[in-house]
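Residue numbering restarts at 1 for every chain, and letters A, B, ... go by the order of the sequence lines.
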Amino acid sequence: MSDLTKTKNKNGIKYDVKLKKNTIKKENTMSPSTLNLVCNVDTLRTLIKKNKVRVVDVRKKDEYLKGHIPTAASLPLADLLSDDSPESIIKIMNNLGIADNTPVVVYDDTFGALASRVAWSFKFVGHKNVSLLEVTYSDWKNMGLEIEKKSNKFPKSSHSIDIDYSIYADAEYVENARNDKNKVIIDSRERLNFLTEHIPNSKNIPYTMIRSEDSILRNPSELKRFMENRGIDSNSEIITYCGSVGTLSGLVFFALKTAGISNVKLYPKSFKEWKSLGKPKIEFKDATYWDLSAE
Amino acid sequence: MVHSVDSDILSSSKKKHLNPDENWGLVEESEYFANKVKLYRQDKLNADEFRRFRLQNGAYGSRLNSEFSMIRIKVPGGDISPEQMEKIANLSETFSIGSAHVSTRQNIQLHWVQLEDVSEVVRGLAEGGLTSREACGNTIRNVMCSHFAGVCTNEPFDATMHAKAVAKFFLRNPLCQNLPRKFKFNFACCSEHGFVRIADVGLVPAIRDGIRGFRIYLGGGLGAASFIGHLLEEFTPESRLLSTSISTIRVYDRLGNRENLARNRMRYLVNELGWEKFQTLLLKERVIVEATMSIPTKNAFDRALSINTNANSLSTISNKRKLPLINSDIAQTPYSRWLNTNVIAQKQPGYYGIYITLGAGDITSNQLRVLAECVREFSLEQKARTTPQQNFFIRYIKSESIPKVFTKLSSIGLGNPGANTLVSAVGCSGTTSCNLAITNSHRLAKEIQSKFLELNFDMDPAFRTSTIKISGCPNSCGQHEVATIGFYGGASRIANSMAPIYTMLFAGSTGETGELGKTIMRVPAKRVIDVVLKIIECFKEEKDGNENLHDWIHKVTAGHGNDKIKTLDDLKKILVPITELPSFAENPDSYKDYGADSNFVAKTARGECAA
């Protein structure tokens, strides 16, 4: 991806690029059907049968080899995180044979958090048609649905790059957003972690709030009501973060999107980077709340 | 997605239809709460009005952080179904901290819930037939009932249905929406099991001339100033339970102190009027109440009373079996240790009640789910009870199921022994979440439990029936005044440094002859365990034969000890050196409270126990 040049744009975002957009439409066996943000089991099974989807398994390689959803490609999250620059993400997508118009469904076995981080990354570099499977691999298997063990390989594709900064935030951006009334920073970690320390002015929506018993995300009407209760309207700009690499907050990113909030950003480097940069944080030390946990 | 738009927020696939008479919840209250929060956030509702509303609905402000609430879920009579336990497990994971907390008044509390999510918890509770309505505030709090009711060998009848009928009648009743202060009922099963002398209304079941009724005690209660309740009359028949309850509430509502927050519980009114005068007023009031009570009112109560006879119908079951293994001579396996302290024979032959020992009442969502499965799988009555010792008690277990129950409970860390012994220390929430707390009583109770289990104290019969109860301030939520050894938290300057301190009390007791403990001495928080260990050492040297710790402490408190330790002064002399701290410079840690890295500061804010 030699046509990438790193500059800083007015928002101070580092992965700015100037490039000739790859406008050549590649021929693909898959016809572009647009997926919802969350893909249900029946839809995925139909797409697999019609060979119209790239299924991406983000669990560890050895778990993939023990069994996976038919036709799935393996992309362990750690492989993506080892270099999550846009160039690297595009390279990964090309190796998985994902072209611009390939519908992609991502799944994991971690209530959707790992899958969300991968799906977000694909969106970030410009892939428009990516969806999260509504259940985990364990759920899929427990439902008695078909699995396979063979390692799937795909012909390389050539995905264009069109970085979507509207879904990305870095530390500087978050810092500026802290005192902006139109921007809401959401901490996606569990309550006790949030109480211990968090980014000033952030609000807590623990990832545990957004799942239901049978899906990685609740239905949109419930998610909407949760936001309304918090006084967050669908026109707000929201930035989500979590502990370290943007997985839990990736899931909350998708939850907010399904709740109908259009302007959602992920701060993928999250609180780990924030702290390492010595940025301000709020600590709550007036109560010994950790002692309430029976863990 | 496979969702219906109107599916409930934590819909359970195992959802059952709620029995309308067992349903305490009201879904509309969720939306009502959400709207009030919005008005409050928009400054359209002032803070005091909102606070009153919030407390009336069971949301108690969290320690020094009003953005969060503790939600107190009422468990009327302590009786809870497995579906309700699962519902609470889900709600805790979703909106709280993934653990729930059993209180000394048989409530289940969810801590650190964001104010904006309280309405969602209220909704979820209502779906499970539960409510937090009137669990806080100046109203009728959770109506307690002995967890042995229905299975106690000494009870004349099962009072559970009476407890629930009282709870049902007063819940959302206009009569008690704005009392001078909170109001507490406690039903016993027999004269031994119950907290009847420390409640506003304490009731001990009795039968006279073939008629069911109660011995009713009024005006007891623990707090900064505690009182033991007075017996209203020799016998109050069941038919006068409602009129007596209403009369008491009316007299209190009319004459109770509405000015002084520190003196507005009914026990102060009784104390100020004098018992005889209060008693006369009450009996006169009852005549009026009975003369004017409408038939629908009486019917409503009688209907509530007539339902829920489940436990009674079970009591006829008879199946003679011995406990599979109670033999203290054999090698103490974890199972036999647990069996010795946690399994109780019921009056129904062949059936057993099992304690689930928690640490200061805390249980994780996953543990709650396993416990719910246990109830479904093994309990004939399909219910569990919360206990004032902050444990669960599951009943109607067949003897052959006991090992299976143990295996299942142990698989998730719920198989600890030591229920009803010195090991199972009670601790209120303390500085983990309460505005009034000075010390971390909650953690101290857990520290005592793990230390005493490590020392195998559960295996010593001398520690059975002895209790340790700890409150984080003088207000007695930990019920320290009715413990064998009680503690309440405070702060003290030692040399030039502040340290968390507990005041130790001896010889409190519960039941119909319950007495308040006597103040003994002050002990720094980090020396409490050492002091108790020293007391135990003295006890072992001094005890007569098979005397137990509880009796010995009562004896010494009364000044009737043996030669070496005859009186409290003798014992204090031995304990004082242990309570002395080295200088702060030498050992700063001994000046810190449990669970805190930083130096101790006594921080409190306005209490939430009065609206």
Side-chain angles (χ1 to χ4, degrees), chain A residues 36-43 111 131-135 139 143 187 190-196 198 203-232 258 282-295, chain B residues 1-13 34 37-38 41-42 62-65 68 90 93-101 111-114 116-120 358-364 367 413 429-434 437 440 442-443 446 593-598 601 603:
Chain A
N36 292 329
L37 285 169
V38 178
C39 177
N40 69 41
V41 169
D42 290 342
T43 305
F111 52 84
S131 175
L132 302 172
L133 181 59
E134 68 168 343
V135 297
D139 295 334
M143 281 188 265
D187 185 316
E190 289 180 36
R191 180 64 33 83
L192 294 182
N193 297 107
F194 175 80
L195 287 173
T196 306
H198 59 257
K203 296 184 177 190
N204 189 208
I205 298 184
Y207 68 93
T208 52
M209 261 179 77
I210 58 173
R211 62 185 177 207
S212 73
E213 219 167 279
D214 48 15
S215 173
I216 59 165
L217 294 179
R218 288 178 186 282
N219 74 49
S221 67
E222 285 171 355
L223 292 168
K224 261 183 206 159
R225 198 177 65 228
F226 291 1
M227 297 308 132
E228 275 170 27
N229 288 343
R230 281 169 154 69
I232 297 170
T258 61
I282 299 286
E283 295 172 271
F284 180 56
K285 291 180 167 176
D286 284 339
T288 50
Y289 35 85
W290 282 100
D291 289 330
L292 277 169
S293 171
E295 292 287 359
Chain B
M1 284 196 281
V2 265
H3 287 301
S4 68
V5 177
D6 59 349
S7 76
D8 31 75
I9 70 154
L10 294 162
S11 57
S12 162
S13 49
V37 172
K38 282 174 202 159
R41 291 298 194 203
Q42 293 160 6
S62 294
R63 181 174 171 81
L64 300 162
N65 194 335
F68 297 92
N90 287 345
E93 223 162 46
T94 308
F95 300 109
S96 174
I97 61 166
S99 290
H101 173 77
H111 289 281
W112 298 100
V113 175
Q114 189 159 323
E116 278 76 5
D117 293 336
V118 172
S119 57
E120 294 301 323
L358 307 177
D362 292 337
I363 185 164
T364 67
Q367 288 175 329
S429 48
T431 54
T432 65
S433 81
C434 177
N440 190 348
H442 196 72
R443 172 75 174 269
K446 289 181 172 183
D593 200 354
Y594 283 103
D597 304 326
S598 46
V601 189
K603 261 192 197 172

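- No side-chain N or O of Thr94(B) forms a donor-acceptor pair with one of Thr208(A) less than 3.5 Å apart.
- Checked against a 6.0 Å centroid threshold, the rings of Phe226(A) and Phe95(B) count as neighbours.
- Proximity to chain A is limited to the side chain of Gln367(B), based on heavy atoms less than 4.5 angstrom apart.
- Interface remark: Ser62(B) contributes no atoms to any contact with chain A (heavy atom separation under 4.5 Å).
- Salt-bridge formation is not detected for the pair Glu116(B)/Lys203(A): no Lys NZ or Arg NE/NH1/NH2 atom is positioned less than 4.0 Å from an Asp or Glu carboxylate oxygen.
- Within a 6.0 Å sphere centred on NZ of Lys603(B), heavy atoms belonging to other residues, nucleotides or ligands number 12 at most.
- Between Trp112(B) and Phe284(A), the distance from one ring center to the other falls under 6.0 angstrom.
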**OP:** Would you please test Glu120(B) and Glu222(A) for side-chain contact (heavy atoms from CB on, under 4.5 Å) and show each step?
**Re:** CA-CA 10 Å; Glu120(B) 294 301 323; Glu222(A) 285 171 355; over 6 Å; no
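- Taking the side chain as every heavy atom from C-beta outward, Thr432(B) and Trp290(A) never approach each other to under 4.5 Å.
- At a 4.5 Å heavy-atom cutoff, the contact between Leu64(B) and chain A is made by backbone and side-chain atoms alike.
- Atom CG of Leu292(A) and atom NE2 of His101(B) lie 7.0 Å apart (nearest 0.5 Å).
- Between the CD1 atom in Ile97(B) and the CG atom in Leu195(A) there is a gap of 9.0 Å [rounded to 0.5 Å].
- Summarising the geometry of Thr288(A) relative to Tyr594(B), their closest heavy-atom pair is CG2-O, 4.3 Å, with the distance given to 0.1 Å.
- Proximity of Arg191(A) to His111(B): side-chain heavy atoms (C-beta onward) are nowhere separated by under 4.5 Å.
- The minimum heavy-atom distance linking Lys446(B) with Asp291(A) is given by the pair NZ-O, 2.7 Å.
- For chain B, the nearby parts of Glu295(A) are the backbone and the side chain; heavy atoms of each come within less than 4.5 Å.
- Under 4.0 Å is where a charged nitrogen must lie from a carboxylate oxygen, and between Asp117(B) and Arg230(A) at least one such pair does.
- The OG atom of Ser96(B) lies 12.0 Å from the CE atom of Met209(A); values are rounded to the nearest 0.5 Å.
- Heavy atoms only, all atoms of each residue included: Asn229(A) and Ser119(B) are closest at ND2-OG, 3.6 Å.
- For the residue pair Glu213(A) and Asn90(B), the shortest heavy atom distance occurs at OE1-ND2, 3.7 Å.
- Of the two parts of Arg41(B), neither the backbone nor the side chain holds a non-hydrogen atom closer than 4.5 Å to a non-hydrogen atom of chain A.
- With Ser99(B) contributing its side chain and Ala294(A) its backbone, the two residues share a donor-acceptor pair below 3.5 Å.
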